[in-house]
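In what follows, a structure is listed as structure tokens, so that the remarks can point back to it.
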Amino acid sequence: MKIKGEPIPIPFGFGGWVAFKKTTDGKSAMVISDTVLLQEEVNPLICAAHANGLEIAAIHNHFFYEEPRIFYMHIHGMGSVEELAKKYADTIRNSKLFPTNQPPLLLH
């Protein structure tokens, strides 16, 4: 990643997360994520989320002048933890976010 041409370490703010939280009555749960995407990955993930019954709560950026251009998408849904985990996995299955689709780790 670069901002205004200067290299920026990935941990500086380019990581994402997904969390599952049960409701206070324990009968259902919520999933929310902060998913980091390249610009060209945004629309396909919106379509996948909607196809799997999840909603997009927000799309925004954290930085200006970053290269490549990236966006942060909050995916949201309600249901059981099991249902939500399956829906989220199905949503990211064809993206680079899915663990088996990630490039191999290079160790120096």
Sorted by chain and residue number, the side-chain contact (heavy atoms from CB on, under 4.5 Å) partners of V42 (sequence neighbours excluded) come out as L37, I46, I59, F71, M73
CD (E83) and CZ (F20) are apart, to the nearest 0.5 Å, by 11.5 Å
So the salt bridge (charged side-chain N to carboxylate O under 4.0 Å, His left out) pairs with at least one residue in residues 28-49 (sequence neighbours excluded) are none
Applying side-chain contact (heavy atoms from CB on, under 4.5 Å) to T23 and not counting sequence neighbours gives D25, S28, M78
CD1 (I75) and OH (Y88) are apart, to the nearest 0.5 Å, by 5.0 Å
Notebook entry, point to check: With a 4.5 Å limit on heavy-atom distance, are the side chains of I8 and F63 in contact?
Noted result: no
Return yes when atom CZ of F98 has more than 12 non-hydrogen atoms of other residues, nucleotides or ligands closer than 6.0 Å, and no otherwise.
-> yes
So the salt bridge (charged side-chain N to carboxylate O under 4.0 Å, His left out) pairs with at least one residue in residues 63-81 (sequence neighbours excluded) are E66-R69
When rounded to the nearest 0.5 Å, the distance separating OH of Y72 from CG of N61 is 8.5 Å
CG of L45 to OG of S33, rounded to nearest 0.5 Å, is 8.0 Å
Residues at least two apart in sequence or cross-chain that pass side-chain contact (heavy atoms from CB on, under 4.5 Å) with A58, listed by chain then number, are H60, H74
Taking every heavy atom of A29 against every heavy atom of L84, the minimum-distance pair comes out as O-CD1, 3.5 Å
**Derivation of the side-chain contact (heavy atoms from CB on, under 4.5 Å) call for V18 and V31** = CA-CA 7 Å; V18 61; V31 63; 3.6 Å; yes
Scanning both residues in full, the closest heavy-atom pair of P68 with L38 reads CG-CD2, 3.6 Å
For W17 and I32, the nearest pair of non-hydrogen atoms, with its separation, is CZ3-O, 3.4 Å
Heavy-atom nearest pair, F64 first then I3, reads O-CG2, 3.6 Å
Original post:
Do I70 and M1 come within less than 4.5 Å of each other through their side chains, counting heavy atoms only?
Top reply: yes
Scanning both residues in full, the closest heavy-atom pair of L97 with I92 reads CD1-CG2, 3.9 Å
Between A49 and I56 the two heavy atoms that sit nearest each other are CB-CD1, 3.8 Å
Contacts of D90 meeting side-chain contact (heavy atoms from CB on, under 4.5 Å) (sequence neighbours excluded), chain-then-number -> N52, K86, R93
